[in-house]
Amino acid sequence: MLSRSFYARDSEIVARELLGKILVRKIGNKIFKSKIVETEAYYGTEDPASRACKGGDLRKVMKNRAGTMLVYGIHNNWLINFITGKKGIAEAVLLRALEPLNFSERCKGPGLLCKALKINKDFHKKDICKCKELWVENIKNKEKFEIKSSHRIGVSSDLSKKLRFFIKENEFISR
DNA sequence: CATATGATGGACT
DNA sequence: GTCCATCATATGG
């Protein structure tokens with residue numbers, strides 16, 4: 001399991017380094033493993049694309065300490081974020097797509113991956129470093145892959161930075 | 001209680 | 001790329 005210090009860095013760095021890591025979901029006595037293949041970085045207070053810049057609950061949660069999970073409901077879906085950066089600074093990384101390793105649900109999108117792993121608001125504000133039902137593991141055998149970046153998806157106004165990161169030529173990327 | 005609003009997904013061009 | 005059905009929240013009366 002990754003230590004809290006992994007998340008306590010700039011969200012752009014965490015978003016990049018989360019790629020290729022293994023997300024583990026435990027439901028009852030079953031284990032579901034998947035590889036993280038696509039992420040986006042969000043900067044709450046000064047990010048026009050983030051709803052947290054408008055204030056409210058999201059902004060508060062994004063200021064929690066790194067490693068806190070933030071589950072956000074939109075349309076008929078759930079999206080999961082990990083809080084990054086220092087406590088008091090509103091930063092988070094959104095999980096956008098996973099490559100299923102020992103199951104076959106489709107995970108090509110933030111809403112789909114939450115549905116596949118049965119992630120809902122029960123995980124909101126929980127600690128990814130302590131949770132017994134969902135956590136992130138390091139890769140055993142380092143595999144080589146190229147990280148690409150682009151503008152973020154589904155937002156009307158955005159920063160000029162490219163804050164969406166994904167593994168090049170992976171077939172499980174959304175769109 | 002009423003209503004506005006999307007960090008979407010899927011179908012389609 | 002574009003269109004749009006759909007529903008959990010946030011907010012206001």
Side-chain angles (χ1 to χ4, degrees), chain A residues 7 9-21 23 25 32 34-85 89-100 103-128 131 133-134 136 147-175:
Chain A
Y7 302 99
R9 295 176 294 166
D10 188 277
S11 64
E12 183 176 341
I13 296 172
V14 178
R16 275 180 172 277
E17 295 197 5
L18 230 28
L19 293 177
K21 299 252 185 306
L23 184 74
R25 171 73 163 112
F32 298 92
S34 48
K35 186 167 72 179
I36 299 171
V37 296
E38 183 181 357
T39 61
E40 282 180 7
Y42 280 86
Y43 295 90
T45 47
E46 47 187 81
D47 188 345
S50 172
R51 290 190 58 177
C53 71
K54 295 168 188 155
D57 185 54
L58 275 189
R59 174 187 273 184
K60 278 186 204 164
V61 178
M62 283 175 90
K63 285 187 174 180
N64 282 359
R65 67 175 172 171
T68 307
M69 288 184 261
L70 188 160
V71 180
Y72 174 55
I74 187 70
H75 294 81
N76 50 335
N77 288 293
W78 296 105
L79 315 183
I80 185 167
N81 297 249
F82 299 146
I83 308 301
T84 63
I89 312 275
E91 287 186 20
V93 170
L94 166 70
L95 255 52
R96 278 199 64 90
L98 305 173
E99 176 181 338
F103 59 101
S104 58
E105 316 295 321
R106 293 162 62 251
C107 297
K108 298 174 78 165
L112 286 176
L113 74 87
C114 286
K115 194 185 285 182
L117 296 181
K118 300 191 168 45
I119 293 169
N120 54 39
K121 212 167 188 190
D122 293 346
F123 288 95
H124 191 45
K125 297 184 184 178
K126 286 199 175 179
D127 192 339
I128 190 71
C131 188
E133 299 173 299
L134 184 69
V136 183
I147 294 176
K148 292 200 67 174
S149 65
S150 78
H151 69 84
R152 290 174 295 181
I153 289 182
V155 294
S156 49
S157 52
D158 204 348
L159 298 171
S160 53
K161 281 182 156 186
K162 299 270 205 301
L163 292 173
R164 171 177 177 242
F165 304 99
F166 53 96
I167 294 178
K168 186 184 177 186
E169 288 172 2
N170 186 287
E171 59 174 309
F172 295 92
I173 304 299
S174 60
R175 312 202 173 237

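The chains referred to below are lettered A, B, ... by the order of the sequence lines, with proteins before strands, and numbering in each begins at 1.
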Under 3.5 Å, is there a donor-acceptor pair between the A/Asp57 and A/Tyr72 side chains?
no
dist A/Ile119:CD1 -> A/Leu95:CG (nearest 0.5 Å) comes out at 7.5 Å
Checklist entry - Has the side chain of A/Arg175 got a donor or acceptor that lies under 3.5 Å from a partner of the other kind on the base of B/dG9? => result yes
Checking N1-N3 plus N6-O4 or O6-N4 for Watson-Crick, or N1-O2 and O6-N3 for wobble, each under 3.5 Å, the partner of B/dT3 is C/dA10
| request: Using a 4.0 Å heavy-atom cut-off across all strands, classify A/Lys108 as base, sugar-phosphate, or nothing. | output: nothing
Testing C/dA8, B/dA7, B/dT8 for proximity to the side chain of A/Tyr42, the answer is B/dA7
Original post:
Has A/Arg96 got a side-chain N or O lying under 4.0 Å from the OP1 or OP2 atom of B/dT8?
Top reply: yes
Rounded to whole Å, the CG-C1' distance (A/Asn120 to C/dT9) equals 15 Å
When we call it a touch if two heavy atoms are under 4.0 Å apart, what does A/Arg106 touch: a base, just sugar-phosphate, or nothing? sugar-phosphate
Separation of C/dA10 atom C1' from A/Asp57 atom CG, nearest Å, is 10 Å
Taking for A/His75 and for A/Lys115 the nucleotide of DNA chain B with the nearest heavy atom, the one nearer the 5' end belongs to A/His75
Query raised in the report: Are A/Glu91 and A/Tyr42 side-chain neighbours, meaning at least one heavy-atom pair lies under 4.5 Å?
Result: no
Rounded to whole Å, CD1 of A/Ile173 lies from P of B/dG9 at a distance of 13 Å
